[in-house]
Amino acid sequence: MPSFSMLFHWGGKIYRGLMRRFINSYLKLTRQTIVCNVNSTNFNKKCLVLYIVRPFQKIPFVKQNLNAHQNQWQVRELVKQIGQFHYDVDVIDHDDKDIVLTQKYDLIIDIYPGFNTCYANHMNIGCKRVAYLTGMNVSVANHAEDLRMEALAHRRGGRLPPERIAIPISKEIEQFDAFWYIGNTYNVKSYEEFQLPEISFIKNTGYNFLLSFNQEKKKASNFLFFASAGQVHKGLDLLLEIFGQKDFPYSLFICSGFRNETSFCKLYEKELFHRKNIHAVGFVDINSSLFQEIVDQCMFSILPSCSEATAGSVLTTMSAGLIPLVSRECGFEDDEVIQLDDCSIPTIEQAVREYGQKDIDWGMQKSNEVKRIVEERYSEEMYRASIRSALERLLGTKKGPLV
């Protein structure tokens with residue numbers, strides 16, 4: 001019989017689906033495609049941010065959830081910091097190519113440089129452009145996913161459709177004035193094909209979860225796979241083949257968007273839905289009791305992804321005290337996570353077996369270290385400071401009051 005938390009989870013899933021339809025219909029009718037002068041300021045200079053507009057939109061009966069993804073809070077803080085350098089700030093969705101701009105801008109922040117050229121004729125003389133990237137080079141990521149798909153086809157005899165293939169970034173990025181990057185030096189090497197402008201590293205953010213280490217429930221043998229779309233890209237296929245072995249003594253909780261990938265679910269139906277040690281949960285709200293219930297049981301999170309950059313999903317689980325076993329592509333330093341030597345099945349299985357036998361005292365100590373790392377290196381203040389520093393480098397000026 002399903003638990004109350006699970007029933008609540010599925011009820012929430014239906015509710016979120018209905019709300020998503022309402023929101024999309026409302027935005028389409030009201031044409032909220034651009035949010036103008038977000039900070040309600042009156043400066044002489046203007047900035048256009050191509051990112052996401054949802055966190056700025058006011059929709060009847062809908063409460064903003066800035067914990068849904070790190071970018072929800074970050075984009076709001078980004079425009080606030082830009083305003084403190086005396087710019088009025090407008091925001092559009094980065095992929096909205098039908099937008100009609102009426103202003104000319106002195107600063108452009110573009111999260112997908114070269115993809116949307118809507119501002120090409122809307123830049124004042126001397127306008128500065130910033131490439132704000134939050135992942136590895138798309139060309140490298142596409143190739144990495146293709147290799148994963150080829151390997152899967154070789155192992156299972158069927159090729160799945162790609163889920164995260166994107167349009168590569170153009171050489172135009174070399175003409176930008178600055179390169180802001182959420183990732184580390186390992187991730188940024190994926191852009192070696194370009195002559196990049198000056199690089200400023202931007203800190204990703206964790207969360208302030210009030211979750212404690214539950215010694216009664218937590219087991220080293222329980223692992224959490226926490227991700228979004230693109231299950232092969234993220235390495236879930238590898239984990240299912242490991243944890244899906246007969247009498248495998250470790251458990252895997254799966255909190256991701258796998259249910260939206262029907263071909264993947266069909267290929268791995270046996271492992272996903274017919275293994276006692278594999279719990280195929282699906283999407284989980286990190287503010288929910290179900291998320292807390294799962295975190296209470298797991299000691300580790302695991303993400304053998306082929307392309308990330310300071311992965312937000314890993315930071316989320318670290319914020320909850322889970323000890324991360326991750327690929328180097330996830331974008332963390334050696335003293336922050338347990339790095340997988342590679343993402344081969346034997347290597348991942350060896351790591352699962354090694355760490356799955358750790359005792360509770362080791363786990364508690366390591367969990368506290370992980371949470372401390374998030375608090376010290378990936379706090380909201382660290383993000384704020386890195387944005388301020390990047391703006392000062394670009395503009396050659398200190399911030400002023402937001403009036």
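Heavy atoms only: backbone and side chains are in, while hydrogens, waters and symmetry mates are out. Index from 1, following the sequence.
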>> Other residues, nucleotides and ligands only: do more than 12 of their heavy atoms fall within 6.0 Å of CG on N208?
In response: no

> When rounded to the nearest 0.5 angstrom, what distance separates CD in E261 from CG in L267?
Replying inline: 12.0 Å

> S386 side chain to M382 main-chain N or O, any donor-acceptor pair under 3.5 Å?
Replying inline: yes

>> Counting the benzene-type ring for Trp, do Y132 and Y51 have ring centres under 6.0 Å apart?
In response: yes

> Counting only heavy atoms not in D335, do more than 12 fall under 6.0 Å of its CG?
Replying inline: yes

> Run the salt bridge (Lys or Arg N to Asp or Glu O under 4.0 Å) check on R353 and E349 step by step: do they pass?
Replying inline: CA-CA 6 Å; R353 290 185 181 275; E349 181 175 346; 3.0 Å; yes

> Which heavy atom of Y191 sits nearest a heavy atom of G135, and at what distance?
Replying inline: OH-O, 2.7 Å

> E163 versus V232: any side-chain heavy-atom pair under 4.5 Å?
Replying inline: no

>> Checking side-chain polar atoms at under 3.5 Å, does Q74 have a donor or acceptor matched by the opposite partner on N204?
In response: yes

> Under 4.5 Å between any side-chain heavy atoms of T205 and L315, yes or no?
Replying inline: no

> Are any side-chain N or O atoms of Q84 and backbone N or O atoms of K80, one a donor and one an acceptor, separated by less than 3.5 Å?
Replying inline: no

>> With a 4.5 Å cut-off on side-chain heavy atoms, are V91 and P55 touching?
In response: no

>> For K358, I'd like to know if atom NZ has over 12 heavy atoms of other residues, nucleotides or ligands within 6.0 Å.
In response: yes

> Looking only at heavy atoms, which two atoms of I173 and P197 are closest? And how far apart?
Replying inline: O-CD, 3.7 Å

> For the residue pair F176 and P113, what are the closest heavy atoms and their distance?
Replying inline: CZ-CB, 3.5 Å

>> Please report whether the ring centroid of F258 lies less than 6.0 Å from that of Y268.
In response: no

> Is there a side-chain contact between L107 and F85 (heavy atoms, below 4.5 Å)?
Replying inline: no

>> Could you go through L48 and H122, starting from their C-alpha distance and side-chain angles, then the distance that decides it, and tell me whether this counts as side-chain contact (heavy atoms from CB on, under 4.5 Å)?
In response: CA-CA 10 Å; L48 177 66; H122 293 270; over 6 Å; no

>> Test salt bridge (Lys or Arg N to Asp or Glu O under 4.0 Å) on R148 and D237; report intermediate values, then the result.
In response: CA-CA 9 Å; R148 289 279 179 101; D237 58 318; 5.2 Å; no

> Do side-chain atoms of R393 reach the backbone of I199 as a donor and acceptor pair under 3.5 angstrom?
Replying inline: yes

>> I need the minimum non-hydrogen distance between G183 and T310, along with the two atoms involved.
In response: CA-OG1, 3.2 Å

> Would T347 and D342 count as a side chain to side chain donor-acceptor pair (under 3.5 Å) if you check the C-alpha gap in whole Å, the side-chain angles of each, and the deciding distance to 0.1 Å?
Replying inline: CA-CA 6 Å; T347 296; D342 57 59; 2.8 Å; yes

>> If I take atom CG from residue N184 and atom NZ from residue K189, how far apart are they, to the nearest 0.5 angstrom?
In response: 9.5 Å

>> Check this for me: N124, atom CG, are more than 12 non-hydrogen atoms of other residues, nucleotides or ligands nearer than 6.0 Å?
In response: yes

>> For H154, is the NE2 atom crowded, meaning more than 12 foreign heavy atoms sit under 6.0 Å from it?
In response: no

>> Assess the residue pair Q70 and Y378 against the criterion (side chain to side chain donor-acceptor pair (under 3.5 Å)); give the C-alpha distance rounded to whole Å, side-chain angles, the decisive distance to 0.1 Å, and a yes or no.
In response: CA-CA 11 Å; Q70 281 96 336; Y378 298 100; over 6 Å; no

> Does any N or O in the side chain of N277 come within less than 3.5 Å of the main-chain N or O of F243, such that one atom is a donor and the other an acceptor?
Replying inline: yes

>> Could you tell me if the side chain of D96 sits less than 4.5 Å from the side chain of V53, heavy atoms only?
In response: no

> For F194 and F179, what are the C-alpha separation, side-chain angles and deciding distance, and is it a ring-ring contact (aromatic ring centres under 6.0 Å, His included)?
Replying inline: CA-CA 11 Å; F194 300 109; F179 182 87; 8.8 Å; no

> Do the two ring centres, one from F291 and one from F209, sit under 6.0 Å apart?
Replying inline: yes

>> If I compare all heavy atoms of G206 with all of S319, which pair ends up nearest, and what's the gap?
In response: CA-OG, 3.4 Å

>> My understanding is that only residues two or more places apart in sequence, or in another chain, count here; which of them pass ring-ring contact (aromatic ring centres under 6.0 Å, His included) with H279?
In response: F253

>> Test side chain to side chain donor-acceptor pair (under 3.5 Å) on Y181 and N187; report intermediate values, then the result.
In response: CA-CA 9 Å; Y181 191 59; N187 298 135; 4.6 Å; no

> Should the heavy atoms of other residues, nucleotides or ligands under 6.0 Å from CD of E381 be counted, would the total exceed 12?
Replying inline: yes

>> Quick check: do K218 and M364 have side-chain heavy atoms less than 4.5 Å from each other?
In response: no

> Out of V49, V35, D90, which residue meets the side chain to side chain contact (heavy atoms under 4.5 Å, CB included) rule with V79?
Replying inline: V49

> Can you name the one residue among K234, M136, H233, E329 that meets side chain to side chain contact (heavy atoms under 4.5 Å, CB included) with C306?
Replying inline: H233

>> Tell me which pairs pass side-chain hydrogen bond (donor to acceptor under 3.5 Å, both in side chains) where either residue lies in residues 359-371, with sequence neighbours left out.
In response: none

>> Would the distance check show the side chain of E174 and the main-chain N or O of Q195 forming a donor-acceptor pair, the cut-off being under 3.5 Å?
In response: yes

>> So if I apply the side chain to side chain contact (heavy atoms under 4.5 Å, CB included) rule between I99 and each of D93, T33, L50, which one comes out positive?
In response: T33

>> Determine whether E145 and S307 satisfy the following criterion, side chain to side chain donor-acceptor pair (under 3.5 Å), listing intermediate values before the conclusion.
In response: CA-CA 8 Å; E145 180 170 334; S307 174; over 6 Å; no

>> Looking at T41, is its backbone amide N or carbonyl O close enough to the side chain of N37 to form a donor-acceptor pair, meaning the two atoms are under 3.5 Å apart?
In response: yes

> Partners of Q339 by side chain to side chain contact (heavy atoms under 4.5 Å, CB included), sequence neighbours excluded?
Replying inline: V326, R328, D334, V337

> Within 45 degrees of the axis of the six-membered ring of Y105 and under 6.0 Å from its centre: does K46 put its NZ or CZ there?
Replying inline: no

> Taking the side chain from D106 and the backbone from K45, do they hold a donor-acceptor pair closer than 3.5 Å?
Replying inline: no

> Does V138 reach the side chain of F115, with side-chain heavy atoms less than 4.5 Å apart?
Replying inline: no

>> Are the side chains of M299 and I323 in contact, using a 4.5 Å heavy-atom criterion?
In response: yes

> Counting only N and O atoms by type, is there a donor-acceptor contact under 3.5 Å from the side chain of R259 to the main-chain atoms of A280?
Replying inline: yes

> So how far is it from C298 SG to K217 NZ, rounded to the nearest 0.5 Å?
Replying inline: 12.0 Å

> Does K219 make a cation-pi contact with Y250 (under 6.0 Å, within 45 degrees of the axis)?
Replying inline: no

> CG of L239 to CD of Q231: how many Å apart, nearest 0.5 Å?
Replying inline: 10.5 Å

> Got a second to check how far L224's CG is from L303's CG, nearest 0.5 Å?
Replying inline: 10.0 Å

> Which value, rounded to the nearest 0.5 Å, describes the distance between I82 atom CD1 and I387 atom CD1?
Replying inline: 7.5 Å

> Which heavy-atom pair separates T185 from V188 by the least distance, and what is that distance?
Replying inline: O-CG1, 3.3 Å

